[in-house]
Amino acid sequence: MDQYSPATIESKWQDRWEQNSCFVAKTGSDKPKYYVLEMFPYPSGRIHMGHVRNYTLGDVVARYRRAKGFNVLHPMGWDAFGLPAENAAMERGVHPGKWTIENIASMQSQLRSMGLSYDWDRELATCTPDYYQHEQSMFLKFLEKGLAYRKESWVNWDPVENTVLANEQVVDGRGWRSGELVERRLLSQWFLKITDYAEDLLSAIDRLDRWPDRVRLMQHNWIGKSEGARVKFNLTSGSVGEMSAIEVFTTRPDTLYGASFLAIAANHPLAMSIAEGNEAATEFLAECAQLGTSEAAVETAEKRGFKTGLEVQHPLDPTCKLPVYIANFVLMEYGTGAIFGCPAHDQRDLDFANAYDLPVLPVVLPDDASADTFTVTDTAYTGPGRLFNSGPWDGMSVEDGKRAAIAALESASAGTGKTTYRLRDWGVSRQRYWGCPIPIIHCDSCGLVPVPEADLPVTLPEDVDFDAPGNPLSNHPTWKHTSCPTCGGAAIREQDTFDTFFESSWYFLRFADPKHPQGFSAEAAAYWMPVDQYIGGVEHAVLHLLYSRFFTRALRDVGYLDLDEPFAGLMTQGMVCHQTFRDADGKWLFPTEVERDGENWRHAENGNAVEAGRIEKMSKSKRNVVDPEIIISNYGADTARLFMLSDSPPERDMEWTEAGVEGASRFLKKLYRMASDPNLAPIGSNVPTDGPGLDLVRAANKAIINMSADIEAFRFNKAVAQLYTLANAISDLRDESESAAAARRFGIETLTKLLSPMAPHIAEEMWERLGHTQMLASLPWPEADTSLVTEDQVEIGVQVNGKLRDTLALPRDADEDTAREAALALPGVIRYLEGATPKKVIVVKNRIINVVI
RNA sequence: GCGAGCGUGGCGGAACUGGUAGACGCACUGGACUUAAAAUCCAGAGAUCGAAAGAUCGUGGGGGUUCGAUUCCCCCCGCUCGCACCA
């Protein structure tokens with residue numbers, strides 16, 4: 001018998017699948033459609049284990065759905081714009097385009113070696129004009145519709161990447177890729193009006209019932225809806241500059257009678273005008289500007305304020321005037337950049353009031369407190385209760401008070417009910433070369449002029465210099481010079497490029513018809529969309545996944561298609577982790593550099609002791625990485641895939657271990673031997689319905705049912721366990737009869753089919769060795785004979801007072817009396833009864849019997 | 001601080017709507033085969049006590065509901081993630 005040789009059979013079957021176009025998707029079919037998509041990779045040059053996990057998960061789904069009779073679309077492409085290409089250009093002098101194309105080629109061949117069932121005919125790379133010209137034209141349509149605009153604003157500047165970042169790309173005050181503290185810069189930038197969709201994006205989250213709750217919650221929080229009111233407070237001294245009133249936003253208009261001050265942000269326009277010619281105020285503003293926004297800075301910062309000397313009139317209480325402060329804890333970016341302080345019912349306001357000796361008047365009385373004695377000193381009361389000290393609203397609940405307050409404000413023309421969101425518009429300008437040029441021309445006489453549709457695409461110049469500092473497009477000697485499409489005069493091109501999240505916001509639509517001259521065809525999109533199952537990392541919860549939801553709606557509203565949600569089902573996979581190793585000097589070591597030494601580890605070459613550290617996410621910096629290519633060449637893609645799936649549930653982090661890989665490899669070798677067994681019954685033998693093989697036939701049918709359920713629920717680790725269980729059932733059948741041989745054939749054939757979504761190459765090879773000529777890739781999923789899976793005998797646990805004392809074999813669905821009598825006759829039960837009659841016997845059919853004494 | 005999730009053998013993890021805790025695998029132990037090793041096959045295995053039969057304990061800790069709790073409720077501890085001066 002020849003040996004299992006992954007290298008040989010894997011390329012053999014990859015070629016056959018390719019020759020037979022097994023995975024080419026056809027738009028339109030009698031079969032139901034199924035679109036499965038994995039987040040496309042950035043072409044860094046080499047695949048890593050995270051990719052292997054992501055694409056294996058997707059491939060199992062794709063292959064399973066295909067076998068279940070779906071018309072499956074399973075494409076792959078390249079998110080090919082981005083900064084690493086420019087860094088490579090600077091470091092190695094290679095052009096970003098060339099670098100990217102070469103990386104795509106090598107990663108593509110790595111992916112092919114994994115045996116993934118992609119329709120490669122639909123492959124796309126976002127850095128080609130053929131792709132990005134369409135987003136230029138989308139942008140122009142957004143512009144026409146008012147969904148894109150340009151404004152000067154304070155933006156996040158990443159000093160390492162030398163570009164602006166969107167709010168979503170700043171984590172803890174640092175750039176999401178560079179990790180460097182971002183700076184604030186005032187720049188003129190392009191924005192997309194994602195805020196127009198805040199309410200829709202938020203409320204539609206409820207309908208994304210096949211998304212993980214975690215991601216839904218993150219998007220919910222990110223959009224950050226607050227319902228409340230805007231309230232206008234008139235300045236008693238007339239006006240300062242052009243301002244005669246301060247508008248605040250509050251979620252607690254019901255506490256308006258407890259107001260004791262107003263506070264405005266340091267960069268509020270009023271604060272700016274006050275500071276003009278006021279040294280103390282200027283100094284305070286400068287101090288505020290220095291304050292970091294990092295977690296630590298915020299936590300330790302005291303509440304500080306600057307008393308402006310201005311006063312405002314309370315809008316509902318003519319006798320009440322409130323002082324105005326500039327305060328360091330008020331943010332210009334949220335609400336109106338101004339608040340009214342009600343210290344009794346807001347902790348920050350209370351801290352501030354205590355620091356500046358402002359009155360603290362409670363206006364909400366907890367249900368269990370008395371109006372005569374209730375006071376607030378150090379801890380604000382934010383819970384429910386009845387309003388008091390609040391004039392006409394006394395006795396109302398907080399909720400009724402909010403409504404009454406808004407009504408009162410509206411009738412006094414002093415405010416309105418208002419909903420505020422945390423979500424900001426998406427800034428899409430990037431000061432980089434390797435991105436999609438923004439199709440705008442700046443003309444001195446005509447202003448901002450869109451590049452006419454006929455002149456698209458605006459392509460990137462090839463000959464660029466990466467050695468000079470700044471944006472290479474700005475530095476290019478001729479590219480930016482053009483003529484104005486309106487007046488014909490000399491004009492300058494926009495030199496910023498789009499955020500690379502622009503490309504990934506619609507690639508899933510392009511896959512529906514990747515050569516379509518309009519970017520994507522509405523019909524093909526109508527057929528394939530939404531993506532039925534999307535799979536990727538959770539790190540995109542509020543980046544790519546939110547942008548894509550917005551983008552799809554925006555495209556709908558400019559007339560491209562009729563669709564709201566791009567991804568009907570989402571699954572976020574966990575990270576691939578590995579043990580870390582360091583030598584005596586604390587230097588990180590690659591797993592390939594160490595070897596086991598009994599309980600300990602030592603250096604493979606010099607034999608020095610090695611310290612094994614924590615199990616962490618695979619990362620280049622800690623060197624705890626395993627190269628998929630090496631695993632594939634040593635064990636084969638099937639082994640890598642099987643181990644990826646077997647160890648942990650997909651959404652959880654998993655640990656990559658050599659021992660686990662060995663185990664998966666051993667299992668596949670065993671299956672290969674089973675399929676090569678010369679003593680199997682001939683092909684087409686009748687499956688026995690009795691005799692010694694019956695247990696195996698049952699086990700195989702059960703495996704079909706369980707495995708299907710497990711795959712559909714993404715419990716791939718359990719699905720793999722079903723394979724092991726079935727393989728054990730085959731080994732356990734020792735009988736040499738003809739009918740046992742037939743059962744064995746049925747078992748191994750079933751096992752082979754069940755294995756095929758996970759380890760497709762070896763499954764094909766086994767199928768062929770079993771004597772079949774048709775490819776598994778084109779065969780349907782096996783159907784279980786459900787009459788065979790219910791056994792007529794069931795083993796039931798018998799408890800005495802809730803503790804298991806014995807077990808009992810009973811006919812299935814045996815009636816209660818039979819069960820009770822049989823249980824009471826058990827020696828294990830009699831021993832405890834000691835002749836007494838039990839108080840009660842609980843019989844749960846086919847499950848358990850509990851004798852209570 | 002707010003929100004979410006998690007905590008089960010030496011390890012990864014199973015356990016349907018409350019019903020025989022530890023499926024399946026890894027590591028481990030013993031045996032067979034072999035001159036030997038590897039590979040393979042067979043068997044064993046939660047902990048403690050016991051020769052065994054068996055007993056007791058056991059799903060982070062403490063309480064509760066129940067005939068019966070990993071599962072439901074309350075309190076506490078620990079870890080992970082997300083958000084954060086959001087008015």
Side-chain angles (χ1 to χ4, degrees), chain A residues 171-172 212-222 224-226 228-229 248-252 255 263 265 291 293-295 297-299 301-303 327-331 333-342 345-349 351-352 420-422 538-539 541-542 615 642-643 646-649 651-655 657-664 666-667 669-670 673 706 709 715 717-728 731 734 794-808 828 831 838-853:
Chain A
V171 180
D172 285 341
D213 289 343
R214 188 156 68 118
V215 176
R216 298 205 288 176
L217 190 72
M218 281 165 73
Q219 291 211 352
H220 190 275
N221 293 339
W222 189 262
K225 180 180 183 175
S226 312
V248 307
F249 175 71
T250 178
T251 55
R252 292 298 300 275
T255 64
L291 200 74
T293 51
S294 73
E295 190 181 331
V298 165
E299 220 147 74
E302 318 165 41
K303 303 282 172 286
N328 65 350
F329 67 94
V330 180
L331 305 174
E333 297 82 43
Y334 191 77
T336 60
I339 61 156
F340 81 79
C342 175
H345 305 292
D346 183 286
Q347 191 59 47
R348 286 160 311 169
D349 296 350
D351 294 344
F352 189 80
T420 296
Y421 299 90
R422 206 188 80 108
V538 74
E539 65 274 15
V542 289
I615 296 157
L642 189 71
F643 174 59
S646 67
D647 214 43
S648 299
E651 67 279 2
R652 227 178 285 185
D653 290 352
M654 67 165 290
E655 190 195 351
T657 61
E658 193 74 3
V661 180
E662 289 282 354
R666 217 176 306 152
F667 180 62
K669 283 179 193 156
K670 177 176 163 171
R673 280 195 302 275
N706 294 341
R715 295 183 298 238
N717 55 326
K718 286 181 69 185
V720 174
Q722 303 295 344
L723 298 175
Y724 278 98
T725 307
L726 180 52
N728 290 344
S731 308
R734 307 274 161 72
V794 279
E795 203 188 53
I796 296 174
V798 180
Q799 301 177 327
V800 176
N801 286 342
K803 287 195 179 200
L804 185 75
R805 294 302 178 187
D806 215 330
T807 57
L808 181 61
R831 188 144 38 100
K839 274 194 209 137
K840 211 198 289 189
V841 179
I842 290 152
V843 179
V844 183
K845 207 181 242 184
N846 301 330
R847 278 268 162 79
I848 204 158
I849 297 166
N850 191 7
V851 179
V852 186
I853 51 176

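Note that the structure is a prediction, hence the values are computed from the model and not measured. Order of the sequence lines sets the chain letters (A, B, ...), proteins ahead of strands, with each chain counted from 1.
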Within the pair [X] and [N], is there a side-chain N or O less than 4.0 Å away from OP1 or OP2?
| X | N | value |
| --- | --- | --- |
| A:Arg666 | B:C26 | yes |
| A:Thr657 | B:G12 | no |
| A:Arg348 | B:G1 | no |
| A:Arg805 | B:U56 | yes |
| A:Tyr334 | B:A87 | yes |
| A:Lys718 | B:G25 | no |
| A:Asn706 | B:A23 | no |
| A:Arg847 | B:G18 | no |
| A:Arg422 | B:A84 | yes |
| A:Thr250 | B:A87 | no |
| A:Asn221 | B:A84 | no |

Quick one: label [X] by what it contacts on the DNA or RNA (base, sugar-phosphate, nothing), any heavy atom closer than 4.0 Å.
| X | value |
| --- | --- |
| A:Gln799 | base |
| A:Ser646 | nothing |
| A:Lys803 | sugar-phosphate |
| A:Val798 | nothing |
| A:Phe249 | base |
| A:Asp349 | nothing |
| A:Glu795 | base |

Would you find a donor on one side and an acceptor on the other, under 3.5 Å apart, between the side chain of A:Asp346 and the backbone of A:Gly341?
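A pair under 3.5 Å: no.
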A:Arg805 side-chain N/O to A:Gly802 backbone N/O, donor-acceptor pair under 3.5 Å
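A pair under 3.5 Å: no.
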Would you kindly say whether A:Ser226 and A:Tyr334 are connected by a side-chain donor-acceptor distance under 3.5 Å?
yes
Going by modelled atom types, is there a donor-acceptor pair between the base of B:C67 and the side chain of A:Asn850 at under 3.5 Å?
yes
So does A:Lys839 reach the base of B:C67 with its side chain, donor to acceptor, closer than 3.5 Å?
no
Pairs counted only when both distances fall under 3.5 Å, Watson-Crick or G-U: show me the 5' to 3' dot-bracket for RNA chain B, [ ] for pseudoknotted crossings and | for other-strand partners.
(((((((..(((......[....))).(((((.......))))).((((....))))..(((((..]....))))))))))))....
So, are A:Arg216 and A:Asp213 salt-bridged, with charged N and O less than 4.0 Å apart?
yes
Residue whose closest nucleotide on RNA chain B lies nearer the 5' end, A:Thr725 versus A:Asp647
A:Asp647
Contact nearer the 5' end of RNA chain B, comparing A:Val851 with A:Gly337
A:Val851
